[in-house]
Amino acid sequence: RFDLVITVCDNARDACPYFAGARAQVHWGLPDPADEATPEAVRRAFRETFAALSARVDALLALPLGTLDAASLTEEATRIHATHTAHS
């Protein structure tokens, strides 16, 4: 059983599986770093994607996760993505 499922790849968004029984599921859309044209660009994109996910996970873990209901968890995870997307 999952409390929160987060999908991230924009290329696979429509193909992302549904996780039955998950309390909450959100999509943190990020470009696929492997889509870059050169090895240098791929490395840079992976570093940027790691930094983006790290910031979002840190913000998520700062929440009182044990006290949030499913709707609040979804709302907060969605807000975190939107907030960090605006600052990217």
Side-chain angles (χ1 to χ4, degrees):
R1 183 166 191 274
F2 297 101
D3 289 323
L4 176 62
V5 173
I6 301 170
T7 56
V8 296
C9 181
D10 275 349
N11 291 344
R13 183 175 188 169
D14 294 333
C16 285
Y18 171 74
F19 290 84
R23 287 182 51 221
Q25 185 167 348
V26 297
H27 183 74
W28 287 352
L30 297 167
D32 186 343
D35 286 346
E36 294 297 326
T38 67
E40 296 80 18
V42 168
R43 283 191 289 278
R44 183 185 68 251
F46 270 100
R47 282 192 301 273
E48 291 170 357
T49 300
F50 173 82
L53 288 172
S54 182
R56 286 164 175 80
V57 169
D58 287 346
L60 183 67
L61 293 175
L63 296 173
L65 296 173
T67 64
L68 297 176
D69 62 22
S72 297
L73 183 56
T74 300
E75 182 179 314
E76 289 296 322
T78 301
R79 180 191 58 76
I80 286 168
H81 176 62
T83 300
H84 287 275
T85 300
H87 294 122
S88 297

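Along the sequence shown, residues are numbered consecutively beginning with 1.
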Ion pair E48/R44, N-O distance below 4.0 Å: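 The answer is yes: the pair qualifies as a salt bridge.
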
Same cluster or not: are [X] and [Y] linked, directly or through other Ile, Leu, Val, Met, Phe, Trp or Tyr residues, by side-chain heavy atoms under 4.5 angstrom apart?
{"X": "L61", "Y": "F2", "result": "no"}
{"X": "V57", "Y": "L63", "result": "yes"}
{"X": "V5", "Y": "L30", "result": "no"}

Where at least one partner belongs to residues 63-72, residue pairs that pass side-chain hydrogen bond (donor to acceptor under 3.5 Å, both in side chains), sequence neighbours excluded: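 Applying side-chain hydrogen bond (donor to acceptor under 3.5 Å, both in side chains) to every pair that reaches into residues 63-72, excluding sequence neighbours, yields D69-S72.
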
Gap separating the CD1 atom of I80 from the CD atom of E75, nearest 0.5 angstrom: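 These two atoms lie 11.0 Å from each other.
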
Euclidean distance, R43 CZ relative to E36 CD, rounded to 0.5 Å: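 Nearest 0.5 Å value for the CD-CZ distance: 12.0 Å.
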
Quick check: closest heavy atoms across [X] and [Y], and the distance to 0.1 Å?
{"X": "A59", "Y": "H84", "value": "CB-NE2, 3.7 Å"}
{"X": "A24", "Y": "A70", "value": "CB-O, 4.0 Å"}
{"X": "T7", "Y": "H27", "value": "OG1-ND1, 2.7 Å"}
{"X": "L60", "Y": "I6", "value": "CD2-CD1, 3.9 Å"}

Close side-chain approach of L65 to L4, heavy-atom, < 4.5 Å: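 No; the side chains remain at least 4.5 Å from each other.
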
Hydrophobic cluster (4.5 angstrom, side-chain heavy atoms) - remaining members for F46: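 Members alongside F46: V42.
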
Test side chain to side chain donor-acceptor pair (under 3.5 Å) applied to R79 - qualifying residues, sequence neighbours left out: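 For R79 the side chain to side chain donor-acceptor pair (under 3.5 Å) partners, ignoring immediate neighbours, are E76.
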
Mutual orientation of the aromatic rings belonging to H81 and W28 [parallel < 30°, tilted 30-60°, perpendicular > 60°]: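 Ring orientation, 0 to 90° scale: parallel.
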
F19, CZ: over 12 other non-hydrogen atoms inside 6.0 angstrom: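 Correct, the count exceeds 12.
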
